[in-house]
Number of protein chains: 2
Amino acid sequence: MNIGEVAERSGIPPKTIRYYEDIGLVRPQRSGNGYRAFRETDLHKLAFLGRARALGFSIDDCRNLLSLYEDENRESAQVKAVAQEHLSAIDDKIAQLQSMRETLSHLVRSCHGDDRPDCPILSDLAGDKS
Amino acid sequence: MNIGEVAERSGIPPKTIRYYEDIGLVRPQRSGNGYRAFRETDLHKLAFLGRARALGFSIDDCRNLLSLYEDENRESAQVKAVAQEHLSAIDDKIAQLQSMRETLSHLVRSCHGDDRPDCPILSDLAGDKS
DNA sequence: CTTGAGATTCCAGTAACTGGAAGCCTTATA
DNA sequence: TATAAGGCTTCCAGTTACTGGAATCTCAAG
């Protein structure tokens, strides 16, 4: 398989696949013409990566998960640990965003948003006390 | 004021303040010794930036908000538009994270997490049906 | 006079790609 | 057979918003 077909089938753009090779996540062989020659296992790996990335795992986590996946003797506890840590990072991020959202939506609601210059959003950012 | 004091009072680290000058967000004067000489207005601007950044506004948004802030003839509608767009970006991000969270927490719950290699998390990432 | 704190500049690295240029390789068509 | 289109290659640069570190300079205290 050439890179185009793999891209199509894995849903990962060619550029990204080349990047993943650069950083050692996949190691496709090469055909005589210098083109990358992907096997089914490479495709499988890339699809794995695509799903892990879609769940927000970092590249480093992905590397880790992939090696656990390929290790017959892994302990599921190791996988679970990675996932749990990521989950709690997601929770933190959600909490942070929700707090921003809270403040921001108050501000937006309080701004009349017309042609007058008076604006509580700017006042707040400027630090004006109430 | 030297950069250290401004950093202290604005809560923005010196490195970041220098960076903000690099990209033209603040333009402190210079004293004879080459040190940056900040006025109260610079400090005020930096505090403004700190608050905007804390609400998740991008540097570009900040630049925009700052210029609106300094424009006596702004229309509050412009400010509100920036804020609303950011708010909806935040909402999108929260939704995306919550969807990740959903999937991931199911997976985590379904993994027994012991010394056995069997792991639903990996199975899911590998694309195993059911 | 020396020492230490705080200031300066410049370079590089972070995360994970993405865009673009220049140039092969292959295939189809005129 | 010439050529044009499309896919592939590599390499360089840019993105976001800083942050760390090195080498050097300035200033105040003892």
Side-chain angles (χ1 to χ4, degrees), chain A residues 1-38 42-43 45-46 48-66 85-86 89-90 92-93 96-97 100, chain B residues 1-38 42-43 45-46 48-66 85-86 89-90 92-93 96-97 100:
Chain A
M1 265 182 287
N2 283 349
I3 201 168
E5 184 182 345
V6 179
E8 177 108 1
R9 289 176 59 189
S10 66
I12 297 173
K15 277 275 187 188
T16 305
I17 296 175
R18 293 194 192 98
Y19 171 69
Y20 285 172
E21 183 187 11
D22 272 359
I23 61 173
L25 283 178
V26 281
R27 305 185 185 287
Q29 303 184 305
R30 296 289 176 139
S31 356
N33 58 13
Y35 286 16
R36 288 169 183 80
F38 295 85
D42 295 318
L43 174 58
K45 245 182 176 178
L46 286 166
F48 182 103
L49 286 169
R51 286 186 210 97
R53 294 286 300 133
L55 286 177
F57 284 105
S58 71
I59 291 289
D60 246 31
D61 283 342
C62 288
R63 205 188 292 280
N64 205 337
L65 290 169
L66 214 41
E85 195 152 327
H86 178 46
I90 287 178
D92 290 353
K93 210 168 284 180
Q96 194 194 352
L97 286 172
M100 286 179 187
Chain B
M1 268 181 286
N2 282 349
I3 201 168
E5 184 183 345
V6 178
E8 177 106 2
R9 290 177 56 188
S10 67
I12 297 174
K15 276 274 188 190
T16 304
I17 296 175
R18 292 193 192 100
Y19 171 69
Y20 285 171
E21 183 187 12
D22 270 359
I23 61 173
L25 283 178
V26 280
R27 305 185 185 288
Q29 304 186 302
R30 296 289 177 138
S31 0
N33 57 13
Y35 286 17
R36 289 169 181 79
F38 296 84
D42 296 318
L43 174 58
K45 246 182 174 180
L46 285 165
F48 183 104
L49 286 169
R51 286 186 210 98
R53 295 284 304 129
L55 285 177
F57 285 105
S58 70
I59 291 289
D60 245 32
D61 283 342
C62 289
R63 205 187 293 279
N64 204 338
L65 290 170
L66 214 42
E85 195 153 326
H86 178 47
I90 287 179
D92 289 354
K93 210 168 283 179
Q96 192 194 354
L97 285 171
M100 286 179 186

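Below, chain A is the first sequence line, B the second, and so on; all start at residue 1. Being a predicted model, the structure only gives us computed values, none of them experimental.
In terms of position along DNA chain D, the nucleotide closest to I59(B) lies nearer the 5' end than the nucleotide closest to the other residue of the pair I59(B) and N33(B). Nearer the 5' end of DNA chain D, as judged by each residue's closest nucleotide, is the contact made by N2(A), out of N2(A) and S58(B).
In this entry the distance linking CE of M1(B) with P of dA7(C) reads 13 Å, nearest Å. Remark: P of dT26(D) and CD1 of I3(B) are 17 Å apart, rounded to the nearest angstrom. Between the NZ atom of K15(B) and the C1' atom of dG6(C) there is a distance of 13 Å, given to the nearest Å. Between the C1' atom of dG6(C) and the CD atom of E8(B) lies a distance of 13 Å, rounded to the nearest Å. Between D60(A) atom CG and dT14(C) atom P the separation is 11 Å, expressed in whole Å. Per the geometry, CD belonging to Q29(B) stands 18 Å off C1' belonging to dT8(C), to the nearest Å. Atom pair L25(A):CG and dA15(C):C1' shows a separation of 13 Å (rounding to whole Å applied). Following rounding to the nearest Å, E21(B) (CD) and dT9(C) (C1') show an atom-to-atom distance of 12 Å.
Remark: R36(B) is not in phosphate contact with dA7(C), judged by side-chain N or O atoms under 4.0 Å from OP1 or OP2. Note on R18(B): every side-chain N or O is 4.0 Å or more away from OP1 and OP2 of dA17(D). Between dC18(D) and Y20(B), a contact under 4.0 Å exists linking OP1 or OP2 to a side-chain N or O. Distances shorter than 4.0 Å separate some side-chain N or O of R30(B) from OP1 or OP2 on dT9(C).
Within the 4.0 angstrom heavy-atom criterion, no nucleotide atom of any strand lies near F57(B). Among the heavy atoms of the strands, none lies under 4.0 Å from P14(A).
Here D92(A) contributes atom CG and L97(A) contributes atom CG; the two are 11.0 Å apart, rounded to the nearest 0.5 Å. To the nearest 0.5 angstrom, R63(A) atom CZ is 15.5 Å from F57(A) atom CZ. Rounded to the nearest 0.5 angstrom, H86(A) NE2 and S58(A) OG are separated by 8.0 Å. Atom CD1 of residue I3(B) and atom CD1 of residue I12(B) lie 10.5 Å apart, to the nearest 0.5 angstrom.
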Checking side-chain contact (heavy atoms from CB on, under 4.5 Å) for the pair F38(B)/L43(B): CA distance, chi angles, key distance, verdict?
CA-CA 7 Å; F38(B) 296 84; L43(B) 174 58; 5.9 Å; no
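Listed nucleotides: dT18(C), dA17(D), dC8(D). Nearest to the side chain of Y35(A): dC8(D). Each of dC17(C), dT9(D), dG21(D) was ranked by its minimum atom distance to the side chain of T16(A); first place goes to dC17(C).
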